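Excluded from the calculations below are hydrogen atoms, water molecules and symmetry mates; all remaining heavy atoms, backbone and side chain alike, are included. Chain identifiers are assigned alphabetically (A, B, ...) following the order of the sequence lines, protein sequences preceding nucleic acid strands; residue numbering begins at 1 within each chain. Given the structure is predicted, the values throughout are model-derived calculations rather than measurements.
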Number of protein chains: 2
Amino acid sequence: MARTRGGNHTKRTTDELRKRIVNGELPGGTRLTELGLAEDLAISRTPIREAMSRLAEEGLLERVRGGGFVVRTFTLEDMIDAIELRGVLEGTAARIAAERGVDPANLAEIKRLLDCLEGCFGGDAGAMNFDAYSELNARFHDQLAESCASPVIQHELRRVALLPFASPSAFVMARPDDAASYRSLVVAQTQHHALVAAIERREGARAEAIAREHARIARSNLEAAFATGQPGPDTLSRLARYAEQG
Amino acid sequence: MARTRGGNHTKRTTDELRKRIVNGELPGGTRLTELGLAEDLAISRTPIREAMSRLAEEGLLERVRGGGFVVRTFTLEDMIDAIELRGVLEGTAARIAAERGVDPANLAEIKRLLDCLEGCFGGDAGAMNFDAYSELNARFHDQLAESCASPVIQHELRRVALLPFASPSAFVMARPDDAASYRSLVVAQTQHHALVAAIERREGARAEAIAREHARIARSNLEAAFATGQPGPDTLSRLARYAEQG
DNA sequence: GGGCGGAACATTGTATACATTATTGCCACC
DNA sequence: GGTGGCAATAATGTATACAATGTTCCGCCC
């Protein structure tokens with residue numbers, strides 16, 4: 001258990017198992033036994049159980065009849081659906097924000113982040129600050145989720161964004177070269193502006209439609225990452241390898 | 001622990017705690033301590049922990065920083081949002097089913113359930129079989145969720161429907177008298193028919209809109225149940241009392 | 001040869017002791 | 001009087017022994 005640091009055994013085990021699942025080391029359908037993992041990680045069964053419970057909460061594991069857990073299967077289609085679902089939920093948050101009105105402080109923060117995102121763009125792909133954009137983009141989407149002031153919607157949105165490669169920042173830099181990524185982000189940022197304008201003007205239907213289409217950039221990037229191969233049971237591991245390469 | 005029967009300590013504790021939360025006996029914000037519950041239920045801490053993990057999975061409890069759980073707060077607004085969210089997810093499932101096409105066997109089963117639902121209606125409110133309708137309605141919605149053939153969407157839909165009083169069958173009989181309930185169900189059944197027709201004709205946008213509006217019947221019934229009082233921290237317990245009365 | 005039964009095994013369920021960590025409140029000190 | 005730290009307390013974190021429950025596979029009987 002020296003692989004991942006910090007916290008207690010439960011947290012380390014949770015992180016380690018999450019990593020193995022997203023890596024594809026633990027393929028979908030694998031049954032996890034407490035004893036096996038306890039031996040493997042050289043700790044007792046108690047933190048293993050706790051970690052598996054938390055991963056079931058995240059949706060990475062499924063409880064199986066008669067006790068125990070299996071790794072949930074994530075095919076390419078599942079990831080596409082997860083991204084679509086994130087778009088639907090972000091769209092709902094944006095629509096409700098537009099319909100009910102947003103807290104001024106929240107709106108101000110959203111606009112501030114929008115300005116910061118703008119600052120990441122240079123005149124061309126070479127001058128683009130991709131890392132800063134990725135970080136700010138995540139915060140922008142967080143703030144947007146808060147704008148609807150609904151704990152229930154925020155909660156479920158956070159859940160869906162935890163699914164493998166469904167988060168708003170998962171595919172910011174996924175294009176095969178900087179020029180393609182740059183173009184992709186130009187479109188994304190234009191949508192950010194339009195989304196905020198729609199919310200401010202109380203145009204709920206427009207806000208919802210933009211948020212959905214915005215998420216589909218991620219879908220497009222995901223499909224581009226798989227353009228050369230066919231989806232299959234190794235989807236996650238191939239995607240993880242792809243993500244490592246940059 | 002003789003209150004709830006069947007299964008092991010974990011299951012009984014899970015059911016017992018769920019009941020207390022939905023009843024309002026454990027108000028939102030209450031911190032649950034393993035030791036306190038263990039003493040109360042006269043069992044050890046282990047099944048208590050396990051039960052709390054599962055309820056966190058259902059969204060009834062929240063993990064708190066530094067360990068432990070608190071009961072999640074469900075106000076009237078939260079329930080309204082949960083119902084809206086269910087409508088959004090059912091709408092997405094219906095839209096995707098229309099766009100991608102449905103499995104013939106699945107469609108046949110949906111139509112069969114639709115016929116059965118039809119059979120619950122008599123000429124007037126007095127002849128209506130409310131219990132049968134409630135049961136069939138739940139199965140109809142289950143089958144509809146399956147029609148999109150997406151494990152991810154089905155999974156999240158099931159989750160949201162688990163939130164207190166957000167399920168499709170929660171408010172079937174919630175109106176103050178049979179005549180009002182009957183009218184409500186006439187509208188609901190008309191929407192069922194329209195929804196199936198839209199899916200069959202591949203009219204995705206229409207299917208989505210109908211499913212959303214369909215869920216808003218539940219919202220209307222929820223608000224009717226609260227017409228006389230103001231929402232507050234006792235929302236859940238008042239609603240539970242209301243549900244008991246019939 | 002097929003199906004039933006039972007024993008051996010694997011796995012999860014439960015209790016409990018002990019370790020570790022967070023919280024609380026008091027007291028000394030500034 | 002306020003603030004810092006320290007001790008007491010209470011909670012969760014962990015390990016482990018034992019119980020209960022499936023599961024599997026082998027042999028027996030039909």
Side-chain angles (χ1 to χ4, degrees), chain A residues 1-21 25-73, chain B residues 1-21 25-73:
Chain A
M1 282 303 300
R3 318 268 277 275
T4 45
R5 285 165 249 307
N8 45 28
H9 283 173
T10 296
K11 180 165 181 2
R12 280 197 295 270
T13 303
T14 307
D15 292 343
E16 176 68 19
L17 286 180
R18 188 191 297 109
K19 197 193 75 185
R20 291 190 188 182
I21 293 169
E25 289 176 58
L26 290 171
T30 305
R31 168 134 190 214
L32 298 181
T33 64
E34 297 174 5
L35 225 52
L37 285 169
E39 192 178 344
D40 187 14
L41 302 173
I43 58 177
S44 80
R45 284 169 51 208
T46 312
I48 305 273
R49 280 167 77 88
E50 182 67 18
M52 291 199 292
S53 266
R54 293 184 188 200
L55 292 173
E57 220 170 303
E58 287 184 23
L60 262 50
L61 298 182
E62 278 178 338
R63 290 181 194 275
V64 70
R65 182 191 62 86
F69 298 83
V70 297
V71 178
R72 192 168 157 196
T73 300
Chain B
M1 282 305 299
R3 318 266 278 273
T4 46
R5 285 165 248 307
N8 46 28
H9 283 173
T10 296
K11 180 165 183 0
R12 280 197 294 273
T13 304
T14 307
D15 293 343
E16 177 68 21
L17 286 179
R18 188 190 297 110
K19 196 192 77 183
R20 290 190 188 182
I21 292 168
E25 288 176 58
L26 290 170
T30 305
R31 170 136 189 210
L32 297 181
T33 64
E34 297 173 5
L35 228 52
L37 284 170
E39 192 179 344
D40 188 13
L41 303 174
I43 57 176
S44 81
R45 283 170 50 208
T46 311
I48 304 274
R49 279 168 76 90
E50 182 67 19
M52 291 199 293
S53 266
R54 294 185 186 198
L55 291 172
E57 218 169 305
E58 287 185 23
L60 263 50
L61 298 181
E62 277 177 338
R63 290 182 194 275
V64 69
R65 181 191 62 87
F69 299 82
V70 298
V71 178
R72 192 166 157 200
T73 301

Taken to the nearest whole Å, CG/L35(B) to P/dT16(C) is 12 Å
Just the table, please: protein N/O against nucleotides 7-10 of chain C N/O, every pair under 3.5 Å.
none

Check whether any side-chain heavy atom of T30(A) lies under 4.5 Å from a side-chain heavy atom of I21(A), and answer yes or no. no
Sorted by chain and number, sequence neighbours left out, side-chain hydrogen bond (donor to acceptor under 3.5 Å, both in side chains) with E39(A) holds for none
Rounded to whole Å, the CD-P distance (E39(A) to dT16(D)) equals 13 Å
Practice prompt. Report yes if a side-chain nitrogen or oxygen of T33(B) is closer than 4.0 Å to either non-bridging phosphate oxygen (OP1 or OP2) of dT12(D); otherwise report no.
Written response: no
Tested for side chain to side chain contact (heavy atoms under 4.5 Å, CB included) against L55(A), the lone hit among T13(A), V71(A), L17(A) is L17(A)
By salt bridge (Lys or Arg N to Asp or Glu O under 4.0 Å), E62(A) pairs with (sequence neighbours left out) none
*Test item: L37(B) and M52(B) side chains (from C-beta on) under 4.5 Å apart, heavy atoms*: yes
The side-chain hydrogen bond (donor to acceptor under 3.5 Å, both in side chains) partners of R18(A) (sequence neighbours excluded) come to D15(A), E58(A)
To the nearest 0.5 Å, atom OG1 of T10(A) lies from atom CG of N8(A) at 5.0 Å
Side-chain contact check for R45(B): nearest option of dT14(C), dA15(C), dT14(D) is dT14(D)
Q) Do V70(B) and R31(B) pass the side chain to side chain contact (heavy atoms under 4.5 Å, CB included) test, and can you show the C-alpha distance, the side-chain angles, and the key distance before you say yes or no? A) CA-CA 4 Å; V70(B) 298; R31(B) 170 136 189 210; 4.2 Å; yes
Between V64(B) and F69(B) the two heavy atoms that sit nearest each other are CG1-N, 4.1 Å
Closest non-hydrogen atoms of L41(A) and E16(A), given as atom of the first, atom of the second and distance, are CD2-CG, 4.3 Å
Can you tabulate the close N/O pairs, meaning under 3.5 Å, that link protein atoms to atoms of nucleotides 20-25 of chain C?
unit_1  : atom_1 : unit_2 : atom_2 : d
dT23(C) : OP1    : R65(B) : NH2    : 3.1

Taken in chain and number order and not counting sequence neighbours, the residues that satisfy salt bridge (Lys or Arg N to Asp or Glu O under 4.0 Å) with R49(B) are E50(A), E34(B)
Separation of dT21(D) atom C1' from E34(A) atom CD, nearest Å, is 14 Å
**Item:** Phosphate OP1/OP2 of dA15(D) contacted by H9(A) side-chain N/O (<4.0 Å)
**Value:** yes
Numerically ordered, the residues 46-56 of chain A set in heavy-atom contact under 4.0 Å with DNA chain D is T46(A), P47(A)
Rounded to whole Å, CD1 of I43(A) lies from C1' of dC18(C) at a distance of 17 Å
Could you pull out the protein-nucleic contacts involving nucleotides 7-9 of chain D (nitrogen or oxygen on both sides, under 3.5 Å)?
none

Residues passing the side chain to side chain contact (heavy atoms under 4.5 Å, CB included) test with S44(A), sequence neighbours excluded, are T46(A), P47(A)
Residues passing the side chain to side chain contact (heavy atoms under 4.5 Å, CB included) test with E57(A), sequence neighbours excluded, are A56(B), E57(B), R63(B)
